[in-house]
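Data block below; observations after.
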Amino acid sequence: MLRATLRSFFAHKGRLLLSALAVVLSVAFVVGSLIFSDTTGATFDRLFASTASDVQITPRQDFDAPGGIGSAVTPTVPAALRDQVAGVRGVADARLDVRVERVTVTDARNTPVGPTRNAPSIATNWAPGERSPVRVTEGRPPRGPGEAMVDRDTADRAGVRIGDTLHVIAPPGTFPVRVVGIATFTTTNPGSSLVFLETRAAQRGLLGSTDRATGVSVDAAPGVPDRVLERRIGAALGAGATAYDIRTRAEQKKTQAEQLGDFLRVLKYMMVGFAGVAVLVGVFLIVNTFSMLIAQRTRELGLLRALGADRRQVRRSVLLEALLLGVAGATAGLAAGVGLAVLLVVALGWFGLRLDTADLVLKWPTVVVAYVVGVGVTFVAALLPALRASRVSPMAALADLELPGSGRPLRLRAAAGSLVGAAGLAALAGCALSDRTAVAGSLLALGVVLTLVAGVITGPLLVRPVIRLLGRGLEPTFGVVGRLSRRNALRNPRRTGATAAALMIGLALVAGLSVAGASAAASIAQQIDRTLGADFVVQNASLAPFSDEVTDRVRATPGAGTVVRQRIVPLKLRLPGGRSVTTVAGAFDRDFDAVAKVTYAAGNTEAALAPGHVGIQAEFAREYGLRVGSRLDAVLPSGKPARFTVGALTENTGSGPGTRGGVFMGMATLEKYAPGGQNSVLYVNAADGTDPARLRAGLERTLKPFPQVQVHDRADYKELVSGQIQGLLNLLYGLLGLAVVIAVLGVVNTLALAVVERTREIGLLRAVGLSRKQLRRMIRLESVVIALFGAVLGLGLGLVWGVATQRVLALEGLTAFAVPWPTVAAVVVGSVLVGLLAALLPALRASRLDVLAAIAHE
């Protein structure tokens, strides 16, 4: 049996090729994701470990702002802290750190020289040391005011040379610098653009005072452990130590790794999740392949049974073939995964993050996962075909009859599919009716899984009615060829259903995501129309704060009327019952009503912006037992406590400031707790008698020296939001593309095996007058019908999922519902193209069959 199994496997290796390719792609995506994640994590661990000081002292920050958003003043420590720390026993050296992110650096043409994507531009002081991440490779370091050094990657990307003049747009204002040196990274370039200044010049230019710094880095004397030095510094600072975070080298590495790890984990889980979708689609391909191969080998298997092989041996034979396929696919997939990881590392270079492909990390768990996925998925997918093969009696196989029990499984499918589908629809209905986001989200996930399973189970039951409907126009258009193609698609509902199910999964996810994205974009557009009363909005694309220079210039622009500032501050709200919620609050000038339209459930803007008062969402207030007049305790990231009085409640219709709780306050209230902050948004109205178009032109001229700041009207705002959502959807579509590719392989494999299965039939058709061209057309039409069937099921499921997802979004104020009909049309057209593409090789092979040899085929 072993020899027979191996001969059979190698005899059918061509027919198994596409199934193996599905395994390879699935394993490669999983392996590539894991290697990429492990490599970036290890690279940054080395970077943090090699550049961190023995002990670092920074301003205490009790929590981070959600999404990193905030416009409070840059946290600092007194510059005198360095001298205080330098005198502690065991300190070899203490240096001031001056580091500000999100600065903008422009060249003589007013073009930003920093990263054009997500990485920040960082301005910092030059503090040479053994652990510096860069070394001077050209020119010299900055030695005084007006001098700067940039990193080599920035210089090469932006064409910066020694002697060039740059402008640094920092929180206190804009100042020019002359490039006197270029430094090259000795470790991984984290993707940022670095500008080095002399320490005192950095303090003045970046912080506005030489009395402040953003931290102190301390090197320990030989033989002094970091932990011991940390305790000594804490003791030397006494009660004042509570104002600082004092971290050892290991703690710095852990903190930085955790901050980076959150992003990497999300990226890894997202990629592995889509790899899981690809694996699921691959299962259908493998099941279909083995089912068809077994059907084509009934005589062979029956002969083995007649010669004495029992059911267990036949079952083991089929599973061994699957095991061989899985091992081969997993091995090739592991190699392909390494290649994919290399491509991901190279792609990171386009975003400025320079990783060395020689540093790829391949851990043994990744190898284990590769073989578990490849072998396990293939083995499990082959179980059902193996069981079917073992149940064929020798006489039935030798007579080449169809497998028994063909009617019963469809009845079982109908019952099982109905039960699972009813449960899934009930979960989605519960999601739509729920008034709590967490509950609705859980029910949505459950409903998606159950309805997907129901769609897979009931797919063969839907083949006959749906394909009869889809193929109704084939016969009038293509005559007998159209009728034959439709009948071929109807011939084996299980096979057609399984083939279409693979395509259904990918297209259902595409449809569901597109409906959710279109609904979110339409909802935000409605909110902009409903809430924005200003003629123009001035802001940075990433909501990063900008200096008061921008505000002053906007106010001085001819034709500018009311200008309302918005600042953003992270808050941790302490709520009744002991719960805490971290959110982001907005602070506005008193003319807020002139630039925004807010619907209040209680109170008004004047009460919300009064000193010491805040406005919050009415639903948030009801959830936590708050009302107008209630006291609300909060904590700023620095640990400073704040206490507010609830002055107004806004309706949860998107009419008030967003974020959890919808907290907003007057500028005076924020200044009391976080003085000297920067503005993140300016709302500008044209003065009476001023043409808004003319004002916009003036604002753009005014803000030309600040390329990081843009002017938007309502239409721009909507386009910006829509573009951001579409960009995210395009990324998700790209990841889902792997599942669609595997689904296409499934269609190709089904048609290729069907050609082998119907060789004698094809020969007879050719003998009675069917031309090669008509034969190719028949197979192409069959493929298109199968693809359209999968598209119909996928679109149906996806639209239902999209409706349910929109109900979850509505709980967060995104109430509009929109169906992206262009995307739906693109899915239908794409399905036709998929069908045509998948049929190319099988149709060509069928048309080249020798007629007499085909008729004589056994």
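We count residues from 1, following the sequence as given. From a predicted model like this one, the values you see are computed outputs, not experimental measurements.
- Across every non-hydrogen atom of Gly647 and His613, the tightest pair is CA-CD2, 3.9 Å.
- Side chains of Thr104 and Phe546 form no contact here, defined as non-hydrogen atoms less than 4.5 Å apart.
- Residues Val98 and Thr124 form no side-chain contact, since every pair of their non-hydrogen atoms from C-beta on lies 4.5 Å or further apart.
- No more than 12 heavy atoms of other residues, nucleotides or ligands shown are found within 6.0 angstrom of CD on Glu719.
- A donor-acceptor pair is defined here as one N or O able to donate and one able to accept, closer than 3.5 Å; no such pair exists between the side chain of Arg574 and the backbone of Leu632.
- Scanning all heavy atoms of the two residues, the minimum distance from Ile725 to Gly517 falls at CG2-O, 3.7 Å.
- Atom CZ of Arg696 and atom NE2 of His712 lie 8.5 Å apart (nearest 0.5 Å).
- Across every non-hydrogen atom of Arg565 and Arg567, the tightest pair is NH1-NH2, 3.4 Å.
- Residues Thr583 and Leu573 form a side-chain contact, since some pair of their non-hydrogen atoms from C-beta on lies under 4.5 Å apart.
- At least one side-chain heavy atom of Val819 sits under 4.5 Å from a side-chain heavy atom of Val824.
- Heavy atoms of other residues, nucleotides or ligands lying less than 6.0 angstrom from CG of Asp688 number 12 at most.
- The environment of Arg152 atom CZ is dense: over 12 non-hydrogen atoms of other residues, nucleotides or ligands sit within 6.0 angstrom.
- In summary, the side chains of Thr214 and Asp97 do not present any donor paired with an acceptor at a separation below 3.5 Å, with no hydrogens or angles considered.
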Exercise for the section: Please assess Tyr673 against Phe644 for the test ring-ring contact (aromatic ring centres under 6.0 Å, His included), listing each intermediate value before the final yes or no. Expected result: CA-CA 11 Å; Tyr673 297 105; Phe644 309 116; 5.5 Å; yes
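- With hydrogens and angles ignored, the 3.5 Å screen pairs a side-chain donor or acceptor of Gln806 with a backbone N or O of Thr815.
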Practice task
May I have the step-by-step check of side-chain contact (heavy atoms from CB on, under 4.5 Å) for Val160 and Asp107, ending in yes or no?
Solution key: CA-CA 8 Å; Val160 176; Asp107 58 18; 5.6 Å; no
Handout entry: Steps toward side-chain contact (heavy atoms from CB on, under 4.5 Å) verdict (Trp801, Leu513)
Key = CA-CA 8 Å; Trp801 295 349; Leu513 288 170; over 6 Å; no
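- There is no side-chain donor-acceptor pair under 3.5 Å between Asp548 and Thr551.
- The backbone N or O of Val515 sits less than 3.5 Å from a side-chain atom of Ser519, completing a donor-acceptor pair.
- Remark: side-chain polar atoms of Arg212 are not paired, donor with acceptor, to backbone N or O of Leu207 under 3.5 angstrom.
- Here the side chains of Phe592 and Val598 are in contact, with some heavy-atom distance below 4.5 Å.
- A pairwise comparison of heavy atoms in Ser547 and Ala170 identifies CB-O, 3.5 Å as the closest pair.
- Ion pair Asp153/Arg157 not flagged as a salt bridge, since none of the NZ, NE, NH1 or NH2 atoms sits closer than 4.0 Å to an Asp/Glu carboxylate oxygen.
- Between the side chain of Asp713 and the main chain of Phe536, no donor-acceptor pair closer than 3.5 Å is present.
- With rounding to the nearest 0.5 Å, the separation of OG1 in Thr74 from CZ in Arg99 is 12.0 Å.
- Side-chain contact, Thr174 with Glu549: a donor N or O sits under 3.5 Å from an acceptor N or O.
- Expressed to the nearest 0.5 Å, how far CG of Leu532 lies from CD of Gln527 amounts to 11.5 Å.
- Taking each heavy atom of Leu636 and Ala674 in turn, the nearest pair found is CD2-CB, 3.8 Å.
- Looking at Thr669, its side chain does come within 3.5 Å of a backbone N or O of Gly612 through a donor-acceptor pair.
- The shortest distance between side-chain heavy atoms of Lys718 and Asp529 falls below 4.5 Å.
- Note that the OH atom of Tyr600 and the CG atom of Leu649 stand 10.5 Å from one another [nearest 0.5 Å].
- The residues Arg178 and Asp164 are annotated as not salt-bridged, no charged nitrogen and carboxylate oxygen being separated by less than 4.0 angstrom.
- Salt bridge absent: Lys704 and Glu700 never bring a charged side-chain N and a carboxylate O closer than 4.0 Å.
- Leu811 and Ser434 make their closest contact through CD2-O, 3.6 Å (heavy atoms, listed as atom of the first residue, atom of the second, distance).
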Practice task
Just do the side-chain contact (heavy atoms from CB on, under 4.5 Å) check on Thr805 and Leu444 with the steps written out, would you?
Solution key: CA-CA 7 Å; Thr805 304; Leu444 173 64; 3.6 Å; yes
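- Counting heavy atoms from C-beta on, the side chains of Val537 and Leu682 never come closer than 4.5 Å.
- Considering CD of Gln526 and OG1 of Thr531, their distance stands at 11.0 Å, rounded to 0.5 Å.
- A heavy-atom distance below 4.5 Å is found between the side chains of Leu206 and Leu197.
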Without placing hydrogens or testing angles, list every side-chain donor-acceptor pair under 3.5 Å for residues 555-564, not counting sequence neighbours.
from	atom 1	to	atom 2	distance (Å)
Thr557	OG1	Arg553	O	2.9
Thr557	OG1	Val554	O	3.3
Thr557	OG1	Thr702	OG1	3.0

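- Listed by chain and number, the residues in a side-chain contact (heavy atoms from CB on, under 4.5 Å) with Ser514 are Tyr733, Pro820, Thr823 (sequence neighbours excluded).
- For the atom pair Asn540 CG and Ser680 OG, the distance stands at 8.5 Å (nearest 0.5 Å).
- Gln61 contributes no side-chain N or O that, together with a main-chain N or O of Pro59, makes up a donor-acceptor pair within less than 3.5 Å.
- Judged by distance alone, with hydrogens and angles left aside, the side-chain atoms of Glu651 form no donor-acceptor pair with the main-chain N or O of Thr599 at under 3.5 Å.
- In this structure, Asp151 contributes its side chain and Leu194 its backbone to a donor-acceptor pair below 3.5 Å.
- Residues Gln539 and Tyr683 have side chains that never bring a donor and an acceptor to within less than 3.5 angstrom of each other.
- Of the possible donor and acceptor atoms, none in the side chain of Asp591 sits under 3.5 Å from a partner among the backbone N and O of Ala594.
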Exercise for the section: In sequence, state the C-alpha distance, the side-chain angles, and the governing distance for Val808 and Cys431, and then conclude on side-chain contact (heavy atoms from CB on, under 4.5 Å). Expected result: CA-CA 7 Å; Val808 178; Cys431 162; 3.5 Å; yes
